[in-house]
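All remarks here apply to the structure that follows.
So you know, we letter chains A, B, ... as the sequences are listed, proteins then strands, and number each from 1.
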Amino acid sequence: MARAVSTRHKTIVTILAWSIGFLIFFPILWTVLTSFKTEAEAVASPPSFLNFSWTLENYTEVQSRSNYARHFYNSVVISVGSTLLGLLIAIPAAWSMAFVPTRRTKDILMWMLSTKMLPPVGVLIPIYLIFRDTGLLDSVPGLVVVLTLINLPIIVWMLYTYFKEIPGEILEAARMDGATLWSEIIHVLTPMAVPGIASTLLLNIILAWNEAFWTLNLTAANAAPLTAFIASYSSPEGLFYAKLSAASTMAIAPILIMGWFSQKQLVRGLTFGAVK
Amino acid sequence: MATAHSRIAARFMLAPAVLMLLCWMIVPLAMTIYFSFLRYNLLMPGMEQWAGFDNYSYFLTDPAFFTALKNTLLLVGGVLLITVIGGTLLALLLDQAMYGQGFVRIMVIAPFFVMPTVSALVWKNMFMNPVNGLFAYMAKAVGLQPFDFLSQAPLASIILIVAWQWLPFAALILLTAMQSLDREQMEAAEMDGAGTFSRFIYIVVPHLTRAVTVVILIQTIFLLSVFAEILVTTNGGPGNASTNITYLVYAQSLLQFDVGGGSAGGIVAVILANIVAIFLMRMIGKNLEA
């Protein structure tokens, strides 16, 4: 039974929550608005909120000054590529731990979690040198491999918690009916696992898209995804607020939209299933 | 239930993931340990010499190390304090009945999806800039002197930026935990005459302990390695005022090309992270079993 809530209480809560929510969201809103201003209006005093002449010139200029589309493309390839590669390795691993657990399964899972605690600077120098000597520095395939590895523990954990929820009895029933291991995976498990795999995919693309340690250290002009490209605005182009805003808006928009759809999975994925 | 056949298949399915992670951990880490005992500078290739513990003694006696250690702790602690307290308050608020709750949730969660370089640059230029930033306008509007955040209070400013990114994460997890709270228990307590405050202390807080532990663990892992926000806002400065361990190791190895010294720093960072990790894993282990 829900507790009866007075309309007055509800109104006060609504006003408070909307104000705080607006405050938290404001920097993003301000960035989006500024991206439609001219440079002069972007630094005008007093700042104009909505009453300015809207323009799209920043978006075209960001593309013409530096090949923005290329960095966007790099971001897409790196985040989607590393996620798919990660799933390819993690699905069998998670499947095996969820359905054929051994005495060591818990230890392996905990060990995988612990690899996530290795600070990246602990391995930065060797990776940098290996990449330099093998020509992987500033290359998209190199980054795909690194991001696959750093996110692999999260993918395995997340899939494991989803697979764990698939009842084992169904597998036994299928086996009784004479299903082979292969047809068991294709016809019984896969349809039940698709939602879990989909949300793992979504969350991991978000994490890879926003990763900003390895992408900044291992790329230059060639393979730089948006994280590294935007960093190049730190000076002196950062003073062109409208262009910075246009570049930023395009960089965060796709992930913001995906993120809003994956709120629930986010909690589960990032807490390694500890909070659902 | 598993047949011998499927057990063997299962081993093979697990092997690639385990082997890849093992290589990823062991090989580079072993190389870092090896480099940390060498006098090795990228500007002088072929001059590598065994250096014993020299790199460690230089790194650990460098005043920059203590500044960076202090900054790392302040950064992690400051952000945790803001996000856990702020996140709890936000979760309490969002758990109430209101109009348009879904929309408020969407606004609150948004900063978490903004890439670190974007949020750092937006805050640096459009808000904290002492000439054209929004904060400067607001200060001037009420007759105050604009404050130059990133040069006068660099670390505090970075804490603010990073806290803004992680507040949604804490709030979302705590809200999820709060929604699994047993409503009947709350009502029973209310009927027994427990006030709002004592219901919060004796029912809500114990229920949230596990979620708060998880928030602290996960944020600590990420916050120990804050890098992009420092790189694009202050470059660790002025001086070393906003350099954390991660940034110090980066500067030593990739800016000064001192592979030996940088590696020693990297190993120190690994050891520090492990101390935190052991402490936190034990904490979370206790919570997970309960």
Side-chain angles (χ1 to χ4, degrees), chain A residues 5 10 13-14 17-18 21-22 24-25 27-28 30-31 43 45 47 89-90 92-93 95-97 100 112 115-127 149 152 156 172 181 206 210 212-213 216 227 230-231 233-234 238 241 244 248 251-252 255-256 259-260 263 267 270-271 274-275, chain B residues 1-2 6-7 9-10 13-14 16-17 20-21 24-25 28-29 31-32 35 93-94 96-99 104 106-111 113-118 121-122 125-126 132 137 172-173 176-177 211 214 218 221 224-225 227-228 232 246 249-250 253 259 262-263 266 269-270 273 277 288:
Chain A
V5 179
K10 198 171 170 181
V13 168
T14 303
W18 277 73
F22 182 76
I24 292 174
F25 186 68
I28 298 172
W30 191 243
T31 308
V43 294
S45 175
I89 301 161
W95 183 90
S96 113
M97 287 194 284
V100 196
M112 284 184 170
T115 66
K116 205 55 206 155
M117 295 185 193
L118 183 70
V121 283
V123 293
L124 170 66
I125 297 164
I127 299 292
L149 287 165
L152 194 58
V156 172
E172 274 172 55
L181 178 67
I206 295 172
N210 288 341
F213 180 82
L216 284 171
T227 42
I230 301 278
Y233 272 72
S234 61
Y241 290 2
L244 167 67
S248 301
I252 63 177
I255 244 48
L256 211 52
W260 283 332
Q263 290 179 47
V267 172
L270 281 176
T271 60
V275 175
Chain B
M1 65 168 231
S6 70
R7 226 174 279 135
M13 290 163 93
L14 181 58
M20 284 180 80
L21 276 179
W24 168 246
M25 255 182 79
L29 200 57
M31 284 171 78
T32 306
F35 290 155
L93 181 65
L94 291 176
Q96 312 277 318
M98 71 178 83
Y99 302 102
V104 177
I106 278 181
M107 288 199 290
V108 168
I109 187 72
F113 301 118
V114 176
M115 55 177 66
T117 43
V118 165
L121 279 182
V122 163
N125 290 310
M126 290 158 64
N132 291 322
Y137 284 122
L172 191 65
I173 287 181
T176 308
V214 172
I218 288 157
I221 296 173
L224 280 172
S225 306
F227 172 74
V232 299
T246 300
V249 174
Y250 156 80
S253 47
V259 170
S263 298
V270 171
L288 289 179

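- Closest approach of Ile221(B) and Lys116(A) over heavy atoms only: CG2-O, 3.5 Å.
- Contacts with chain B were tallied for Leu124(A), Ile125(A), Ile252(A), Ile127(A); Ile125(A) has the most, counting heavy-atom pairs under 4.5 Å.
- Looking at Leu118(A), only its side chain comes within 4.5 Å of chain B, counting heavy atoms on both sides.
- Looking at every heavy atom in both residues, Leu256(A) comes nearest to Ala110(B) through CD1-O, 3.5 Å.
- Heavy-atom pairs under 4.5 Å with chain A peak, among Val108(B), Val270(B), Ile106(B), at Ile106(B).
- Counting heavy-atom pairs closer than 4.5 Å to chain B, the top residue among Val156(A), Leu149(A), Leu152(A), Leu216(A) is Leu149(A).
- Interface residue Ala231(A): backbone and side-chain heavy atoms are both found under 4.5 Å from chain B.
- Looking at Tyr137(B), only its side chain comes within 4.5 Å of chain A, counting heavy atoms on both sides.
- When the candidates Val249(B), Leu94(B), Val259(B), Val114(B) are compared by the number of heavy-atom contacts under 4.5 Å with chain A, Val114(B) comes out ahead.
- At a 4.5 Å heavy-atom cutoff, the contact between Ile89(A) and chain B is made by backbone and side-chain atoms alike.
- Looking at heavy atoms from C-beta onward, Met115(B) lies out of side-chain contact with Ile255(A) at the 4.5 angstrom threshold.
- Contact record, Val118(B) with Ala251(A): CG2-CB, 4.5 Å, taken as the closest heavy-atom pair.
- Distance alone, capped at 3.5 Å, places no donor-acceptor pair between the Tyr241(A) side chain and the Met126(B) backbone.
- Only the side chain of Met97(A) comes within less than 4.5 Å of a heavy atom of chain B; its backbone N, CA, C and O stay farther away.
- Using modelled atom types, no side-chain atom of Ser225(B) and backbone atom of Pro119(A) make a donor-acceptor pair closer than 3.5 Å.
- With a 4.5 Å cut-off on side-chain heavy atoms, Asn125(B) and Tyr233(A) do not count as touching.
- Formation of a donor-acceptor pair under 3.5 Å by the Thr14(A) side chain with backbone atoms of Tyr99(B) is found in this model.
- Using a 4.5 Å cut-off between heavy atoms, Leu224(B) makes no contact with chain A at all.
- For chain A, the option among Leu29(B), Asn132(B), Val232(B) with the highest count of heavy-atom pairs below 4.5 Å is Asn132(B).
- Looking at every heavy atom in both residues, Ala97(B) comes nearest to Lys10(A) through O-CG, 3.6 Å.
- Across all non-hydrogen atoms, the minimal contact from Met107(B) to Ile24(A) is O-CG2, 4.2 Å.
- For Trp30(A) (side chain) and Val122(B) (main-chain N/O), no donor-acceptor pair under 3.5 Å exists by modelled atom type.
- In this structure, the side chain of Thr32(B) engages the main chain of Gly122(A) through a donor-acceptor pair within 3.5 Å.
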